[in-house]
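What you are looking at is a predicted structure, and each value in this text was computed from that prediction instead of being measured. Letters A, B, ... are given to chains in the order of the sequence lines, protein chains preceding strands, and every chain is numbered from 1. As a basis for the values below, the full set of heavy atoms in this structure was taken, side chains included, without hydrogen atoms, waters or symmetry mates.
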Protein chains: 2
Amino acid sequence: MARVRPLSGFPELTPRDRVVEARILSTLREVFGLHGFGEIETRAVEPIERLAGDSEASKEIYVLQRLNADGDSDAKVGLHFDLTVPFARYVEENQGALQFPFRRWQMQKVWRGERPQEGRFREFYQADIDIVARETLPEHLEAEVAIVMARALRRLPIPSVTMHVNNRALVEGFYRGVGIDDVAGALRSVDKLDKIGPDGVRAELAAQGVSETAADAALELARISSADSSFASAVEDLWETTVKVDDVSGAQDQLARGIASLATLVDTVNAAVPGTAVADLRIARGLDYYTGSVYETFMDGHEAFGSICSGGRYDSLVAGGGFPGVGMSIGVSRLVALLLSAGLASATRGVPSAVLVAVTEEESRRASNAIADRLRARGIPCEVAPSASKFGKQIQHADRRGIPFVWFPAEDGDGQVKDIRSGDQVEADADIWAPPAGDLWPEVVGSDAH
Amino acid sequence: MARVRPLSGFPELTPRDRVVEARILSTLREVFGLHGFGEIETRAVEPIERLAGDSEASKEIYVLQRLNADGDSDAKVGLHFDLTVPFARYVEENQGALQFPFRRWQMQKVWRGERPQEGRFREFYQADIDIVARETLPEHLEAEVAIVMARALRRLPIPSVTMHVNNRALVEGFYRGVGIDDVAGALRSVDKLDKIGPDGVRAELAAQGVSETAADAALELARISSADSSFASAVEDLWETTVKVDDVSGAQDQLARGIASLATLVDTVNAAVPGTAVADLRIARGLDYYTGSVYETFMDGHEAFGSICSGGRYDSLVAGGGFPGVGMSIGVSRLVALLLSAGLASATRGVPSAVLVAVTEEESRRASNAIADRLRARGIPCEVAPSASKFGKQIQHADRRGIPFVWFPAEDGDGQVKDIRSGDQVEADADIWAPPAGDLWPEVVGSDAH
């Protein structure tokens, strides 16, 4: 048997850290459910031809091969690298059975066969919500998805967040108006503003054939932001003073539509979840298929970590057109890794048990079991000591496991229960006694930043 | 883009059927937690040399290959085919950080690259619990694991179950006493009793060099069963009347230990969960590494489906020895598929929303959102109509989504709420009204067999 070694890119959590991750997943599940999103879970694999494409992620596919492939005509499949590709396929496959607009959440692991390097995960959880329509997607759903995610993030044991939003129509109208033809290419360059700086962006745009004036205008646009709809007049002022090309059909109308849509989005989100949304005209998102609102979400004080929850509106979920939708995605494993490593969140214990019921002697184990069962019947997680060793040893076992209470059964009555942290010990009745609410199940303690 | 086709062996559930599966997973989670089992989740992959072995499952490994493998020295890995191999590796890797006896549950998907055929899953959920010790595993934990699983299964929306238990020491002592040397080989043959019948088993045993007398004795032993410890005298009687070989050291002691252990197990499990356990001396379990109690669990009336929850006690979890433990595993996806296809369980609806809040006109959407938020604040899942179409159409939308209530906002007061199944409509206050408890979240309705 090979020596046991961790595999690079496949981190595993301790039971205590898994409590943090599981709590995040269950909190998201609850908030999504309260907003009418149902769950689907797709298979881990997709046909290779569906996974392959132009995006970075699609170059990192893990292909599956049966060890004992016996020549039968298995379809060639790979592990999904996100939840969008499988969701699109699921909607296409089940469109006859689904009701639209279809609202779903999905939390699963995804895999990326990246080169191994520090901090890159090859296996990680994503949590996605999307609403897809059959023909027309009403604009108010762009605000709704942002609101649901903002509420979900506020319920997590994390610092407060700010959601930076932009609108593709706004940017596209503006870019086209100033003579940038390859809007997607320009967006990809502007998206690197943080990494390569304004001069780097200018150089890239020049290489794409964008004029100096137009590049300056694009960089000016990217400087505009506001926590309300006041960005609109800044954009309009910039538009007025910028050299525009002629004969670009509808650029100004597209710009105006984008401004109106973004203004509504910011105001609607902030009315529902005050202080969350900022119109930020530098937000580009790398992916080409967004056509309306785009979102990136940063933890306050941890902006350098990058966006923890991103997404946008798209015109067609499936290749070939159709199914316009809007969605956002949280990179859960990456977020959990940050929370744990930065000490921003931790679990009060790694075991579910609130109580260890001691065993006086093996012959009386059944009495200890009976007390444990009476506690469980009232929803109190507990376990019975594995051996009837000296009470000091049994207390030590509880302490090492992180169990806060030890119950000592007595021959007359149920006995006594001891809080091994404080040393307090009281007579107790197994049909009445309960631990303080905060000790019942493991709690996840977050930073107090919000 | 390729036409969308289901992949053989990778079934996917509708949102409504996923409610059933998710409820089963969450019920197991709760029962395991109440009994002090903590969660771990292991990575999906293991090094090939850890996965490869003699078992059937290890011949069905899916090997992973990076599509753009660039010559870097990646370890060769495959998807895990069960949760035991990764658990053993996890314990070995983290032994310094874990407290023993270590109690864990684990519910994850596993993959088996089987030949595609009807009813065989290539991707499915397993749910495992195990307790492993560092040196000695007390026998009472063999009963505990069975009790926890019996309780968990009783909480599921499934027919009642019977747990058939046996003891490897009992069988081994008996077999050795009657001159069967290859105990594992004989067990594998007896395990096929249902499939190949007594004559088939006799033929296989003869081929292994087992004498006719010994084969008859093994088959006689397999006929013994009892719902209490009365099996013990039947075994002792058979032992008395059977021709035994000499010079088999300790066979009788081993048999006696096994009988005592099995008697305690049956009585302890039935005292905790009445009517659950049956001592059934034909239960063999295919796997060699079990050394004490073995368990197989059948749904009453659906015995032909095979065991839904199996396991046993083993002397060493890791190759090279050490870490004795006991565990059981539920094949969740297979169970869910049976429940759904046999109509034994179903969800009352596929969407979480109990209420669709109607929208009178787009201008008043904010008022509808406000009512929805007041309901959500009290834990009532709901959604707002996607468009301000005629109320008839909005009711139809709710009906198609499976949402039982539609809320009609009014200009004065909160409006009225209609149960669209009965047609009852009442004035309601969004801070007071609640759906009946059975309508709050989707419910899973099981068969009434228990």
Side-chain angles (χ1 to χ4, degrees), chain A residues 1-2 4 7 10 12 14-15 18 22 33-45 47 49-50 59 61-68 70 72 75 77-78 89-90 92-93 97 99 101 103-104 109 113 115 123 138 140 319-320 350-353 365 376 381-383 386-387 400-401, chain B residues 1-2 4 7 10 12 14-15 18 22 33-45 47 49-50 59 61-68 70 72 75 77-78 89-90 92-93 97 99 101 103-104 109 113 115 123 138 140 319-320 350-353 365 376 381-383 386-387 400-401:
Chain A
M1 184 60 63
V4 186
L7 285 177
F10 293 93
E12 285 179 330
T14 63
R18 170 63 184 167
L34 280 173
H35 290 82
F37 288 77
E39 183 187 12
I40 67 164
E41 194 162 272
T42 55
R43 63 191 189 215
V45 303
E49 66 267 22
R50 283 207 160 248
K59 296 184 184 118
I61 302 167
Y62 274 121
V63 181
L64 259 59
Q65 208 153 23
R66 291 169 57 206
L67 188 61
N68 292 333
D70 40 16
D72 54 15
V77 297
R89 192 259 316 146
Y90 183 93
E92 203 178 338
E93 189 174 328
Q99 297 305 318
R103 309 156 72 86
R104 82 88 174 75
K109 284 186 177 161
R115 279 176 153 285
E123 175 180 51
H140 61 80
V351 292
S353 301
R365 174 170 295 280
R376 288 176 188 131
C382 57
E383 59 190 79
S387 71
R400 286 196 178 141
R401 297 253 301 153
Chain B
M1 181 64 62
V4 186
L7 286 176
F10 293 93
E12 285 180 329
T14 62
R18 170 63 184 167
L34 281 173
H35 290 81
F37 288 77
E39 184 188 10
I40 67 164
E41 193 162 273
T42 56
R43 63 192 190 217
V45 303
E49 66 267 25
R50 282 207 161 247
K59 295 184 184 120
I61 302 167
Y62 273 121
V63 181
L64 259 58
Q65 208 153 22
R66 290 170 55 205
L67 189 60
N68 293 332
D70 42 15
D72 54 15
V77 297
R89 191 258 318 147
Y90 184 94
E92 203 178 337
E93 189 173 330
Q99 297 305 320
R103 307 157 73 87
R104 83 87 174 77
K109 284 186 177 160
R115 277 176 153 287
E123 176 180 49
H140 61 81
V351 292
S353 301
R365 174 170 295 280
R376 289 175 187 132
C382 56
E383 60 191 79
S387 73
R400 287 196 177 141
R401 297 254 300 152

Heavy-atom contact with chain A under 4.5 Å, split by part of [X]:
X      : result
B/P386 : both
B/E123 : side chain
B/A44  : both
B/F37  : backbone

Nearest 0.5 Å, what's the [atom1]-[atom2] distance between [X] and [Y]?
X      : Y      : atom1 : atom2 : answer
A/R18  : B/R104 : CZ    : CZ    : 12.5 Å
B/H35  : A/S353 : NE2   : OG    : 10.0 Å
B/R401 : A/Q99  : CZ    : CD    : 8.0 Å

Handout entry: Partner chain A: residue of B/L34, B/T42, B/V351, B/I61 with the largest heavy-atom pair count (under 4.5 Å)
Key = B/L34
Exercise for the section: Could you tell me which of B/E383, B/K109, B/E12 has the largest number of non-hydrogen atom pairs under 4.5 Å with chain A? Expected result: B/E12
Completion exercise
Taking every heavy atom of B/G113 against every heavy atom of A/R66, the minimum-distance pair comes out as O-NE, 2.6 Å
Handout entry: Part of A/V63 lying under 4.5 Å from any heavy atom of chain B
Key =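 Both parts, heavy atoms under 4.5 Å.
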Practice task
Could you tell me which portion of A/P138 (side chain, backbone, both or neither) has an atom closer than 4.5 angstrom to a non-hydrogen atom of chain B?
Solution key: side chain
Problem - Test side chain to side chain contact (heavy atoms under 4.5 Å, CB included) applied to A/V45 - qualifying residues, sequence neighbours left out - result: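 With neighbours one apart ignored, the set is A/R43, A/L64, A/V77, A/L79, B/L7, B/F10.
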Handout entry: Heavy atoms of other groups near B/Q65 CD, more than 12 under 6.0 Å
Key =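 For B/Q65, atom CD is not crowded (no more than 12 foreign heavy atoms under 6.0 Å).
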